[in-house]
Structure formats: C-alpha cells, structure tokens
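Down below is the structure, laid out as structure tokens.
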Amino acid sequence: IPSGPVVVLPTSDRLVDVLHRGRDRFPARVVLAIPAADVVVPLLDKASAAEAAKAAGLDVLPWVAVRDAGDIAATGSLPLPLAVRPTRWDTAGSDPVKVAVLRDRAAVRPMLEHQLSCGAELVVQPYVEVPDDAVEFVLAWRSADGTATALCEGRKRRQAAPDGGVMVWGETADRPDARRAATAFLDASGYTGIGGIELIRDGDRLWFVECNPRLEAIHFLAARAGQDHVAMEYRQRAGVEPGDRTPPPNVAAAAWVGAAALAALRAPGGSPWRTARDWLAFRRSPRRARAVWSWRDPGPGLAVAARLLAAAGRRRSSP
C-alpha cells in the first residue's frame, strides 16, 4: 500500500529491543510488528523466557543465571557438559560467545569469571548431546486478538557448528507434541505476532531451548510449506482484510541456508562430502526454498555475495 502504513518486522533480538525502547517515538504511519512491552521484555532475556516456559508446563532444563561472581557456585549443581550463553543480545560482553560447551568442571569457573570480567551476563544449563535432527522448531504466528494461530513445526537436519548454531538445512515434520508445547507457551506468555520456539527431542522428553520474539531467519520455510506468516502479520498490521483466518495445513517442505553451509564447511570436522550429501537430501524435498537466493529475484543474493567478496578482499589486504 504505497500511501498506507509502513510495517516494520524485526529480524534480530537487537532490533526488537531498539524498536521497543523507541516505540513511542515513531510517527503514526510506522507500525512496529513487535509484541506489547510486558510480553516482549521478558522474552528477550533467556532466563526469563525459561521461567515463562516452565510456567506454561513445558519441560525446561535446569538453569543458573550468572550475573556476578556470587552466582558461579550454583552452577556446581548442574551436570556436565554445560552450555553457556549470554542472557540477552546486549549481555555478551567484549569477548562474546554465542554458545560455549564446557565438558571439564575445572574449566567452568575460569571461563565464567573471564566472561563476567568482560561485562557478560550468562545463562548456564546442561548441554543435551543429541544429533542435529533432534533439534526441532515451531515457526509461529498469532493474531493480535489471539483468535487465529498458525504453526509450522519442523526439525533441523544440519547445524553450522558441531555444538549447534544456525540451521544449514531443515524440513517440516509432523510433531503434535511440539505444536502443543508452542501453543501452551503462546497462551501462557500472551505472545502475539511472528516468532519461533526451539526445542530439543531427547528420548521421551521435549526440552524447551529458547523463544525468539521476532521473525526467524528461516521464516521462509513456513511460507514454502503453505503458511506465509509475514503476509499474515503484514495484512493484520496494515489493516488489510485478512480473509479466511483459518491457516492452511502444512505441506512437506525443506529450507537451505547457504551462509550456514559455508560456516559448517569451515567448522571443525567440516566436510565437503557431507555438505554435498546434505544438498542432495535437500533437493529430494518436493517443495524447496533457499535463503536469500532466488532466480526470480536475484538482487538480494547478489547483494549478499558482493558484501562477502568485499569482506574477503579486506581480509586479504589487511597486514
């Protein structure tokens, strides 16, 4: 709508936080596609999000929030190995880690003390060692009035790093228990709009990992599977008649993230043969989608390629 509302859909926690902090300073035409303040603020903090998931009845691994040196001792009650993550996007400190896995008890205190000295605040939980395809997700959209919900659940097939990270490729999968968990979380937290919930399947348990209160990087998988959550959110926020509010059923689909595939190749144990096998498995999906690149609209892909080439050139020319 050229003269209509400008709908802003954030793609990172940092942007969600920035928009939230300035939500009262935007002109009326700018519509922020973020949840209400009392909903989004707790979900930007991983410890608070874990608390919300526990209150919703989900299985949540025990955790310790480490915000100062006095909190470190409590991590001794957690079984090894341990996963260490920043509590929020802005608490990673000056020596940031996305996820660190600690397998030696003697390494825990020095690592945490170093991170605290760099200004970090952390969440420490047991690390569940499972294959990549045990990491599952639910891409979610819920209308502002809570009367319409669209869920697309699936599983990762490969991640960018041995201990986790961005999805290289994944696919939709019928997971009724994951749908129930996601619905319970949305109900209990009051979440509306677009978001994503990550879970780990460990035998008979489905552990809550995190909630991303914004557009997921793999949102295009839901669209390829028949549920265009971006269009749903835009039409609602722009005041366009939504039509049938009953979301269509999911169909089998797969998604490929090329940048994550390159990261997996560079990671310890990276293998071109494994990447080739993953690509062939992805190609067998009846409905496929790739991040950024599309023959119908090559502009974004070419722009990303140009930035990568420029960055590579700067690295080669630096002393």
Side-chain angles (χ1 to χ4, degrees), residues 13 41-93 95-138 155-156 159-167 175 177-178 181-182 184-185 188-189 191 195-213 216 267:
D13 288 359
V41 170
L43 297 185
L44 284 170
D45 183 278
K46 287 182 170 53
S48 297
E51 199 72 64
K54 187 175 180 180
L58 278 63
D59 285 334
V60 184
L61 290 161
W63 75 91
V64 173
V66 179
R67 306 183 192 275
D68 58 52
D71 297 325
I72 296 178
T75 65
S77 64
L78 301 176
L80 293 172
L82 298 177
V84 180
R85 298 180 293 164
T87 56
R88 295 166 42 98
W89 72 269
D90 57 350
T91 65
D95 186 19
V97 294
K98 182 177 176 60
V99 179
V101 178
L102 305 178
R103 303 178 185 279
D104 180 359
R105 185 70 66 183
V108 174
R109 178 171 286 276
M111 187 272 185
L112 296 180
E113 288 179 341
H114 170 71
Q115 289 295 313
L116 289 172
S117 72
C118 293
E121 295 182 6
L122 307 160
V123 170
V124 183
Q125 291 179 283
Y127 176 73
V128 182
E129 301 195 75
V130 292
D132 285 2
D133 60 6
V135 181
E136 301 183 359
F137 53 82
V138 180
R155 60 174 179 162
K156 297 183 180 183
Q159 299 184 99
D163 294 327
V166 179
M167 185 183 85
R175 297 289 189 270
D177 54 348
F185 186 87
S189 65
Y191 191 86
I197 296 170
E198 187 167 300
L199 306 152
I200 288 179
R201 189 172 296 276
D202 180 25
D204 295 332
R205 306 293 292 271
L206 191 62
W207 297 107
F208 171 85
V209 176
E210 64 181 2
C211 169
N212 290 314
E216 287 270 25

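These numbers were taken from a predicted model, which means no experiment stands behind them.
Using a 4.5 Å heavy-atom cutoff, the side chains of E198 and V135 are in contact. Side-chain contact between R105 and L80 is present, with at least one heavy-atom pair separated by less than 4.5 Å. Taking 4.5 Å as the limit, some side-chain heavy atom of E113 sits within range of a side-chain heavy atom of I72. Taking 4.5 Å as the limit, some side-chain heavy atom of F137 sits within range of a side-chain heavy atom of M167. V66 has its side chain out of reach of V84: every pair of non-hydrogen atoms, C-beta onward, lies at least 4.5 Å apart.
Considering every non-hydrogen atom in both L61 and Q125, the closest pair reads O-NE2, 3.2 Å. Residue A107 comes nearest to L102 through the heavy atom pair O-CD1, 4.5 Å, listed as atom of the first residue, atom of the second, then distance. The two atoms that bring A267 and A161 nearest to each other are CB-CA, 4.5 Å, heavy atoms only. Between L43 and A52, the shortest heavy-atom distance links the atoms CD2-CB, 4.4 Å. P62 and P126 get closest at one heavy-atom pair: O-CD, 3.1 Å. Scanning both residues, A120 and A92, for their nearest heavy atoms gives CB-O, 3.6 Å.
Taken to the nearest 0.5 Å, the CG atom of L44 stands 5.5 Å off from the CZ atom of R88. To the nearest 0.5 Å, atoms CG (D104) and CG (L82) are separated by 10.5 Å. The structure places CG of D90 at 9.5 Å from CG of D13, a figure rounded to the nearest 0.5 Å. Considering CG of D177 and CG of L199, their distance stands at 8.5 Å, rounded to 0.5 Å.
Residues meeting the salt bridge (Lys or Arg N to Asp or Glu O under 4.0 Å) test with R175, sequence neighbours left out: E136. With sequence neighbours excluded, the residues satisfying side chain to side chain contact (heavy atoms under 4.5 Å, CB included) with R103 are P81, V101, Y127, E129, D163. The side chain to side chain contact (heavy atoms under 4.5 Å, CB included) test applied to V41 returns H20, not counting sequence neighbours. Scanning for salt bridge (Lys or Arg N to Asp or Glu O under 4.0 Å) contacts around D71 gives an empty result, with sequence neighbours left out. Annotation: side-chain hydrogen bond (donor to acceptor under 3.5 Å, both in side chains) contacts of T87 (sequence neighbours excluded): T91. Among residues two or more places apart in sequence or in another chain, the salt bridge (Lys or Arg N to Asp or Glu O under 4.0 Å) test is passed with E210 by K46, R85. Applying the ring-ring contact (aromatic ring centres under 6.0 Å, His included) test to F208 and every residue at least two apart in sequence or in another chain returns F185. Remark: P131 pairs with D133, A134 by the side chain to side chain contact (heavy atoms under 4.5 Å, CB included) rule, at least two apart or across chains. Checked against salt bridge (Lys or Arg N to Asp or Glu O under 4.0 Å), R67 has the following partners two or more places apart in sequence or in another chain: D45, E121. Here R205 pairs with D59 under the side-chain hydrogen bond (donor to acceptor under 3.5 Å, both in side chains) rule; sequence neighbours left out.
D204 CG: 12 or fewer foreign heavy atoms inside a 6.0 Å radius.
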